[in-house]
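All ligand and atom numbering here is 1-based and tracks the order in the structure.
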Amino acid sequence: MTTTEERPVQAREANPAMTSADRPIGFGRVQRKEDPRFIRGKGRYLDDIVLPGMLYGAVLRSPLAHARIVSIDTTEALAHPKVHAVITGKDLEGLNLAWAPTLSADVMAILATDKVRFQGQEVAFVVADDRYSARDALELIDVEYEELPPVIDARRAMDPGAAVIRDDLEGRTDNHIFDWEAGDAAATAAVFARADVVVSEEVVYPRVHPAPMETCGAVADYDPIDGKLTLYETTQAPHAHRTLYAMVAGIPEHKIRIIAGDIGGGFGNKVGIYPGYVCAVVGSIVTGKPVKWVEDRSENLMSTSFARDYIMQGEVAATREGKILAVRTKVLADHGAFNATAQPTKYPAGFFSIFTGSYDLEAAHCSVTGVYTNKAPGGVAYACSFRVTEAVYLVERMVDVLAAELNMDPAELRLKNFIRPEQFPYPNKTGWEYDSGDYEPTMRMAMDIAGYPELRREQAEKRARGELMGIGVSFFTETVGAGPRKHMDIVGLGMNDGAEVRVHPTGKAVVRLSVQTQGQGHETTFAQIVAEELGIPPEDIEVVHGDTDQTPFGLGTYGSRSTPVSGGAVALAARKVRDKARAVAAAMLETRPEDLEWEKGRFYVKGDPSVGKTIQEIALGTHGTVALPDGVDGNLDAEVTYDPPNLTFPFGAYICVVDVDPGTGKVKVRRFVAVDDCGTRINPMIVEGQIHGGLADGVGMALMEFIGFDEQGNCLGGSFMDYLIPTSMEVPDWETGYTVTPSPHHPIGAKGIGESATVGSPPAVVNAVVDALAPFGVTHMDMPCTPARVWEAMQGRPTPPV
Ligand code: PCD
Ligand SMILES: [Cu+]
């Protein structure tokens, strides 16, 4: 650990107002550099891009969930005076682009050729003078479908008579995708056999959607003269996209430039390549003009990557005294029509095997079966580092089921079972090594802030009066920062990140990143990392990202990996700069490098602090006429490609207080306490913002968000009238606190934070709702806890789908 600032190990969030004097050089509450343009409406989102002569594309989508395409007649659409091209699957077949590889070793249709396999699937693409004409022309395309029986319920997908969705795949006779397991089945069975207490429950994490504020889109600009494709995209992973386009479309990689401008929220939705992007590229190639395609809200909700959809059979074995011995689960994963989940190759169920949670266990085993259904593909890591959200929800729900069975307090039960600080680095029973942790103080702080015993007293009084108040506890450990290249790749690309730091002659700097911010403030925090290492003020450091022509290769931003991976790369690159600066300073001061002492921003002679050179003076010297020492060739610049030795394991304790209206079943989240530990905090203000956003997201999933389907496979969550997301009215004032347990292997001790709150909060809310309903004998209820479902639960009836 090489942080220079003293910082408290634990503190309740002070939340001070920022003053203009509050400008730390390095870590601290630096105001976000990107905000002046955002709050003035000067962000540059995809739809802000307008190129000369640009045309507009629109996608014709399937109204049916499962049907054979008999014919597609585009004559009338082509006759529309403003239409330039109509592209169908047949046209793409000629280019070998009708199908494309997914991120999970499957193929997916770009435009349907044989069948449609989910409602909203892409069937044809129209290019016209403007967006309105393109949409009008969609209505002129005549598609004849022959309806097939759809497979909607994942539980029915493997039934003997179920329609085979993927008959395009050679030799396919069923809807099975994969079986995968982790842990030791036999050892776990042995522990279960001798345990005093075993509890089990079916826990469903329903299908939800990342629903970022900005929908997905692309502007493709193919230059037929030099053969260069410039592709503006809403993407979280510009470099990975470029490589994939090169591999799939056969365009040489150096002739592709991906530009990701400001991204209005990603949340995993913008990791993959969507058919609309590919169609925009083809549209630009065939028309010789730039083509813009931007989806609308319904297209986003119905066709781009969903998340979760895990049906989990959970089991916990414990002693009567409440020592948890083992956990076990069988999961049925609904992957939709194409297996397009996003995660490192070796992990078809992502990092789900972290479902052992924050507890010291004797054994664990999980098995996951993936199936196809007639629903949109996806299964992205929506605010979740690859199924960690599902894993945490399962174990934290199951611990509460056990607490109810043992009649123990859920907070006490957790405290009894935590991995102890001296056990770190902790090898869990499914193959992970947790880097660092000190769980009890974090839990105790959350209980202190909440006033836990007082809350329980209040609850007892209210129960006696027939009022429904619930207190929900969750404690989570995350797995973020994919990843070590010996274990992790995406479509064969190792998950390492490059970073470059250049110092200009006047001592200002530029840092070039492969990762891509979507609102989380990288322009500020990555400048702060360089500032911390070099002592150059963050405002003097430009952060360049989002343009593959200007930045080093790397795998992009998702799974809270930017700080763990690119953050490490940047810190190490800055240290290389500092090493060079030391050598130059020694030459300038006519002393030996080892006789110099570093203070933030300056080298001075040991024993004589008045004799020294600032980093700015050294930069000018390097670019000037100073006789340069060996190993320095005229600049201080450095680059690093960082291969993290392990992931980082942030954690947190959350306590949620709800009141339930006994007449209507409406849940009000009255209080929410969140104590997070992400190791060294680069920018506490940004960290708090990440947590606030994630908590709101988690409350939304627990109470109202849900992508449902009817029996025909009609999507019932296709607009914000149906897919409800929380507003300020549904969320309380967050009460936050933090502890600092640095990552021992990360160059600055930082762990990721971007997804922690979304991972940790749904179980806290649901545990609170179930706790409120305890007087009715309720011990479990599936999300979302809508008024209707809560009311049904109070009547002792099974909760229906929303
Ligand atoms: N320790 C620490 C950590 C961190 N940080 C900060 O915070 C942030 C975050 O980080 P991270 O954790 O590393 O993460 P990233 O990678 O950057 O990002 C990502 C994430 O992020 C989050 N957050 C956010 N925010 C916003 N605003 N928007 C968005 O979109 C978003 N998204 C979400 C998600 S979902 Mo996925 O994709 O699903 O997988 S993943 C994710 C940044 O700025 C950084 O720098 C600090 O300061 N410190
Ligand atoms: Cu997930």
Please say whether [X] places an N or O atom under 3.5 Å from an N or O atom belonging to ligand 1.
X      : answer
Thr557 : no
Gly519 : yes
Gly752 : no
Ile682 : yes
Ala383 : yes

Name the closest protein heavy atom to [atom], giving the residue it belongs to and the distance to 0.1 Å.
atom                    : answer
atom 33 (C) of ligand 1 : Phe267 CD2, 3.8 Å
atom 45 (O) of ligand 1 : Thr525 OG1, 2.7 Å
atom 41 (C) of ligand 1 : Glu755 CG, 3.7 Å
atom 28 (N) of ligand 1 : Gln518 O, 3.3 Å

Item to check | From CA spacing to verdict: side chain to side chain contact (heavy atoms under 4.5 Å, CB included), Ile748, Glu532 | outcome: CA-CA 10 Å; Ile748 58 170; Glu532 177 81 19; 5.8 Å; no
Going by the atom numbers of ligand 1, which of them fall below 4.0 Å from some non-hydrogen atom of [X]?
X      : value
Tyr382 : 38 (O)
Ser562 : 13 (O), 15 (P), 16 (O), 17 (O)
Lys751 : 1 (N), 2 (C), 3 (C)
His522 : 15 (P), 17 (O), 42 (C), 43 (O)
Gly754 : 11 (P), 12 (O), 22 (C), 23 (N)
Gly266 : 29 (C), 30 (O)
Gly265 : 30 (O)
Pro564 : 13 (O)

Could you tell me how the ring of [X] sits relative to the ring of [Y]: parallel (under 30°), tilted (30 to 60°) or perpendicular (over 60°)?
X      : Y      : value
His522 : His545 : tilted
Phe651 : Phe475 : parallel
His209 : Tyr723 : perpendicular

Checklist entry - Between Tyr205 and Tyr310, does the ring centroid distance fall short of 6.0 Å? => result no
Applying a strict 4.0 Å limit to heavy atoms, is [X] in contact with ligand 1?
X      : value
Gly559 : yes
Gly694 : no
Cys384 : yes
Gly693 : no

Under 4.0 Å between a side-chain nitrogen and a carboxylate oxygen: does that hold for [X] and [Y]?
X      : Y      : result
Lys600 : Glu533 : no
Arg29  : Glu688 : yes
Glu500 : Arg502 : yes
Asp262 : Arg37  : yes

Checklist outcome for this item: All heavy atoms of Glu295 vs all of Ser303, minimum pair found to be OE1-OG, 4.4 Å
Checklist entry - Does the side chain of Met312 reach to within under 4.5 Å of the side chain of Phe352, using non-hydrogen atoms? => result yes
Given [options], which one has a non-hydrogen atom that is nearest to [atom]?
atom                    : options                        : answer
atom 13 (O) of ligand 1 : Asp697, Thr563, Ile686         : Thr563
atom 1 (N) of ligand 1  : Val740, Asp677, Thr680         : Thr680
atom 38 (O) of ligand 1 : Gly268, Ala381, Ser560, Ser305 : Ala381
atom 19 (C) of ligand 1 : Glu214, Gln520, Glu688         : Gln520
atom 24 (C) of ligand 1 : Met685, Gln690, Arg681         : Gln690

Checklist entry - Has Arg681 got its NZ or CZ under 6.0 Å from the middle of the six-membered ring of Phe27, at an angle within 45 degrees of the ring axis? => result no
Item to check | side chain to side chain contact (heavy atoms under 4.5 Å, CB included) assessment of Tyr382 paired with Ser305 | outcome: CA-CA 9 Å; Tyr382 157 28; Ser305 301; over 6 Å; no
Item to check | Inter-residue atom distance Glu299.CD - Thr215.OG1, 0.5 Å rounding | outcome: 8.0 Å
